[in-house]
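A short write-up of the structure that comes next.
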Number of protein chains: 2
Amino acid sequence: MERNAKLAGETVGPVETDAETPRRRSAGGRVKSGQIREMLEQEIVTGERLAGERLDEQAVALRFGVSRTPVREAINQLASAGLVELIPNRGAFVRETGLAELVEMFEVMAEMEGMAGRLAARRIAAPARARLQAAHLACENAAAREAPDDYYYENERFHQAIYDACGNGFLAAEARRLHQRLKAFRRLQLRVPHRMHQSLVEHRRIVAAIEVGDGATAEAELKSHIMVQGERFADLVASLTPKVS
Amino acid sequence: MERNAKLAGETVGPVETDAETPRRRSAGGRVKSGQIREMLEQEIVTGERLAGERLDEQAVALRFGVSRTPVREAINQLASAGLVELIPNRGAFVRETGLAELVEMFEVMAEMEGMAGRLAARRIAAPARARLQAAHLACENAAAREAPDDYYYENERFHQAIYDACGNGFLAAEARRLHQRLKAFRRLQLRVPHRMHQSLVEHRRIVAAIEVGDGATAEAELKSHIMVQGERFADLVASLTPKVS
DNA sequence: GTCAAGGAAATTGTATACGAAGTTGTGTCG
DNA sequence: CGACACAACTTCGTATACAATTTCCTTGAC
């Protein structure tokens, strides 16, 4: 675990610890509220918790071996993230993130990524450009090694680099938020065949457009890049769950 | 709970929090956590709470006559809304929404509104079209009456109508979130002269573009409409606060 | 037999208490 | 005189207890 986050510097963005948590509940260390949130989030997005199900606070608290207080905090965070609906004096109910809403979220994500790319093409500075090139090179290497897991990780860094390069800290933060929320769903997408190489081709076009300062092309390429992901994911979900509400 | 319309009459300044009589549990209504969040939010955006100031939980709890628990919930919500920064085992510090960040937020807002307009021009259905026309007519009437307060309120409804018409519920929710966050700042803008009539002219162009299904024009007009607001606001703030951090 | 009213059970929301982690001040040693 | 260490205070994070509100079941009346 991270010893401390010394918050060096004035970067205002929340430091998201997106560690792939090995789920160790009641194994020595005490679970923290963040871990509870993450586990509940996983259970919801994987469909382990059915839509409309009520999240009983003390039941969850009992399961994790903690009191109701951290469970409440975790549920509140899930509510503000939009994964559960909070009805006063009634309880927390898991919201079904149906296929339609997922497509909507990808549509918005595409717009924001496109905006970030457009701005980055105009505003990118030398350090950010170096980071973007480095991240892209890492993607190339991962693809050459036929390592989808590595590519997944480096792809994250690639998009983060674009967010950083756009020169709009608020946009970068919002894009990270949405990215984080879609991440759980996108994880299912790893198994789509040939997606990695196709993604890499799109990355090359994006980098090229940013390099020459062509904002319009960067925007269009990034929009398409994200929307394709959304469509692929929609196909995957539709094939997995034949019954759709 | 959104019933109370506190947006109409008041100017920005007076938020009677320090003069708040400590109405303890015997007198009238108990303050709820949502109210605490709202009051703290007001204090922060009005600048009553200086940037970097620490929000002491038990001090706030004492002021509102409640315990630390609802205060914690309120602060957590503010943190997820981005108004305060939460440092583990250190406390909650109010984040300064400096002029630069406000411009960034308006830039994102413009993009989202433009997207909503573009989608609305293609997807708008009859009921939403009727609501949009009604909201626009109300704006026209308010402007004809030279009633800026009424125009402010009807303008809210106008933009809400566009969000509703875009056919993307997630985008509508996100746009509302941003709109809500910028609302407090936008209120300062009422006193800018001639802004109301200029805004109305832009509204007419937006409605016309949506009516004929011209998504590109609707997007461009809405982007410009919001960015102008952001620039006007930046001018206003810059003129009010000559010293910039 | 059905509907309504009232009470009991359950659950959320809030209050208070306690442990943990951090910061600061002071004392001592180099 | 300066630096390091220890202790005490402060404050967050969590646990437990209580109050308020809702829901469901039972009972009584029509």
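These numbers come from a predicted model, not from an experiment. Side chains included, hydrogens not; waters and symmetry mates left out as well; all remaining heavy atoms used. Chain letters run A, B, ... following the sequence lines, proteins first and then strands; every chain starts at 1.
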Quiz item: Does B/Glu104 reach the main-chain N or O of A/Phe170 with its side chain, forming a donor-acceptor pair under 3.5 Å?
Solution: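 Between the backbone of A/Phe170 and the side chain of B/Glu104 there is a qualifying donor-acceptor contact (under 3.5 Å).
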Quiz item: Between the main-chain N or O of B/Phe93 and the side-chain N or O of B/Glu85, is there a donor-acceptor pair closer than 3.5 Å?
Solution: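 A pair under 3.5 Å: no.
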Quiz item: What does B/Glu73 touch in the nucleic acid at a heavy-atom separation under 4.0 angstrom: a base, only the sugar-phosphate, or nothing?
Solution: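 Contact class for B/Glu73: none.
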Quiz item: Under 4.0 angstrom, heavy atoms only, what part of the nucleic acid is A/Arg90 near: base, sugar-phosphate, or nothing?
Solution: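 Touches sugar-phosphate only.
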Taking only side-chain N and O atoms of [X], does any of them lie within less than 4.0 angstrom of OP1 or OP2 on [N]?
{"X": "B/Arg54", "N": "D/dC12", "result": "yes"}
{"X": "B/Ser67", "N": "C/dA15", "result": "yes"}
{"X": "A/Arg68", "N": "D/dT14", "result": "no"}

Using whole Å, what does the distance between atom [atom2] of nucleotide [N] and atom [atom1] of [X] come to?
{"X": "A/Arg72", "N": "D/dG13", "atom1": "CZ", "atom2": "P", "result": "16 Å"}
{"X": "A/Asn76", "N": "C/dG13", "atom1": "CG", "atom2": "P", "result": "8 Å"}
{"X": "B/Leu62", "N": "C/dT14", "atom1": "CG", "atom2": "P", "result": "17 Å"}
{"X": "A/Glu53", "N": "C/dT11", "atom1": "CD", "atom2": "C1'", "result": "16 Å"}
{"X": "B/Gln58", "N": "D/dT14", "atom1": "CD", "atom2": "C1'", "result": "16 Å"}
{"X": "B/Glu57", "N": "C/dT14", "atom1": "CD", "atom2": "P", "result": "15 Å"}
{"X": "A/Asn89", "N": "D/dT21", "atom1": "CG", "atom2": "C1'", "result": "5 Å"}
{"X": "A/Asp56", "N": "D/dT23", "atom1": "CG", "atom2": "P", "result": "15 Å"}

Practice problem: Could you tell me whether the side chains of B/Asn76 and A/Glu73 share a donor-acceptor contact shorter than 3.5 Å? | Solution: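 The criterion, which ignores hydrogens and geometry beyond distance, is satisfied for A/Glu73 and B/Asn76.
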Quiz item: If you pin B/Pro88 and A/Thr69 to their nearest nucleotides in DNA chain C, which one's is more 5'?
Solution: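 Its nucleotide being nearer the 5' end, the pick is A/Thr69.
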Quiz prompt | Nearest-neighbour nucleotide for the B/Pro70 side chain, C/dT14, D/dT14, C/dA21 considered | solution =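 Out of C/dT14, D/dT14, C/dA21, the nucleotide with an atom closest to B/Pro70's side chain is C/dT14.
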Quiz item: Would you say B/Leu178 and B/Phe106 make side-chain contact, with heavy atoms under 4.5 Å?
Solution: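 B/Leu178 vs B/Phe106: side chains apart.
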Practice problem: Not counting sequence neighbours, list each pair that qualifies as a salt bridge (Lys or Arg N to Asp or Glu O under 4.0 Å) and has a residue in residues 74-84 of chain A. | Solution: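 Residue pairs with at least one partner in residues 74-84 of chain A: there are none.
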